[in-house]
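In what follows, a single structure is set out as structure tokens and then discussed.
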Amino acid sequence: MDSAPEGVDPNVPNVARMYDYYLDGKDNFAADRAAAEQILKVFPNTKEAARANRAFLQRAVRHLVDSGVRQIIDLGAGLPTQGNTHEIAPEARVVYVDYDSVVCVHGRALLARTDNVDFLQADIREVDLLLDKLGALVDFDQPVAFLMLAILHFIPDEQAHPIVAGLREASAPGSHLVISHAIDARPDTTPQAHQVYNQATAALSLRTDKEILSFFDGYELVDPGLVFPQDWRPTEPPALTSGTDVGYVGVARKP
């Protein structure tokens, strides 16, 4: 990325642009790359984990479509990259949501000629306002899937649980929740990661497997339950090492 849009400070690391860097994207600034490299020194397998997370998203979206879901809301969608949700599920209504203006500019540019897809600028921490905006784009009387990939670990408990509860209460039976969430994989060096993200646009809130599982209260987890990304219904033998086990994923259905 050569220049920053108006109102965007390229000197403050942005978690979406850092994730883009992990995926070998080009939409990032020097500050994002420097912060990401600091994380890679602490967690060398972060790039592999990001790719595993992306592959999980694609398999999960295919599962949603096979389950009959035709409305998918990708929360904290991040910067557009290959294998976007609407490309995996062209038959579904897809709404991307992000609060970052840079993300939304790029997203809307990418989707300018794409039917049945919207990019909404909104903050999921303001869940009532978010749902109000989404109400104009999807039918909450029909099943909807909420994707929350690598986003909840940037939100503290006092906000994260009310957000998930609000989404669950607003959705119809047959709706789904998809989560990927980082864990404290290396407690000896995790404080260094916290320090990096504290200087970025969002701080880390790492959780245990039991704490992550609690987000699925009111839902029924589909097989294989809460697992590492590469272990969720793999379509081929995983090429990734166990070193990518830095988080858990799960897909659940509202009864």
Side-chain angles (χ1 to χ4, degrees), residues 53-78 80 83-99 103-104 107-108 110-152 155 159-181 212-226 232-233 235 249-255:
N53 189 62
R54 193 73 186 176
F56 158 70
L57 174 139
Q58 294 165 355
R59 298 194 303 276
V61 168
R62 283 192 287 268
H63 167 76
L64 296 173
V65 172
D66 291 345
S67 299
V69 176
R70 292 297 180 267
Q71 301 182 111
I72 302 175
I73 300 171
D74 194 337
L75 299 166
N84 291 289
T85 300
H86 73 278
E87 295 171 330
I88 306 302
E91 61 272 69
R93 172 75 166 144
V94 175
V95 181
Y96 294 102
V97 179
D98 207 288
Y99 77 102
V103 168
C104 293
R108 287 168 182 150
L110 175 74
L111 304 173
R113 297 183 179 87
T114 305
D115 295 332
N116 213 32
V117 182
D118 278 296
F119 214 110
L120 175 66
Q121 184 169 359
D123 191 333
I124 71 167
R125 293 169 295 187
E126 300 172 348
V127 66
D128 291 336
L129 180 59
L130 169 67
L131 290 168
D132 185 58
K133 291 181 177 180
L134 287 171
L137 300 173
V138 299
D139 181 2
F140 280 116
D141 290 329
Q142 299 297 320
V144 61
F146 293 106
L147 308 185
M148 304 190 80
L149 280 290
I151 184 172
L152 284 169
I155 303 175
Q159 293 177 311
H161 285 281
I163 290 169
V164 176
L167 299 176
R168 182 186 67 243
E169 292 167 7
S171 59
S175 294
H176 284 67
L177 176 66
V178 181
I179 289 176
S180 71
H181 196 299
I212 297 168
L213 195 61
S214 70
F215 286 118
F216 292 106
D217 289 350
Y219 289 92
E220 297 174 346
L221 271 172
V222 304
D223 289 337
L226 193 70
W232 198 91
R233 302 192 180 189
T235 55
V249 304
V251 178
R253 180 183 182 276
K254 181 178 177 178

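We number each residue from 1, following the sequence as shown. Computation of the quantities below employed the complete heavy-atom set of this structure, encompassing side-chain atoms and omitting hydrogens, waters and symmetry-equivalent molecules.
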Any donor-acceptor N/O pair, [X] side chain to [Y] backbone, under 3.5 Å:
X      : Y      : answer
Arg93  : Ile72  : no
Asp98  : Gly78  : yes
Arg253 : Ser67  : no
Arg59  : Trp232 : yes
Asn116 : Ala92  : yes
Arg168 : Gly218 : no
Ser175 : Lys254 : no

Restricting to ring pair (Phe, Tyr, Trp, His ring centres under 6.0 Å), what partner residues turn up for Phe146, sequence neighbours left out? none

Determine whether the aromatic ring centres of residues Tyr96 and His86 are separated by less than 6.0 angstrom.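 Centroid distance His86-Tyr96: below 6.0 Å, so yes.
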
Residues forming a salt bridge (Lys or Arg N to Asp or Glu O under 4.0 Å) with Asp217, sequence neighbours excluded: none

Classify the angle between the aromatic ring planes of Phe215 and His161 as parallel (below 30°), tilted (30 to 60°) or perpendicular (above 60°). parallel

Partner set under side-chain hydrogen bond (donor to acceptor under 3.5 Å, both in side chains) for His181, not counting sequence neighbours: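 Checked His181 against side-chain hydrogen bond (donor to acceptor under 3.5 Å, both in side chains); matches are Arg207.
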
Provide the closest heavy-atom pair for Gln71 versus Pro143 in the form atom of the first, atom of the second, distance.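 The pair with the smallest heavy-atom distance is NE2-O, 3.1 Å.
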
Any non-hydrogen side-chain atom of Glu87 less than 4.5 Å from a side-chain atom of Val94? no

Can you find a pair of side-chain heavy atoms, one from Arg70 and one from Glu91, that are under 4.5 Å apart? yes

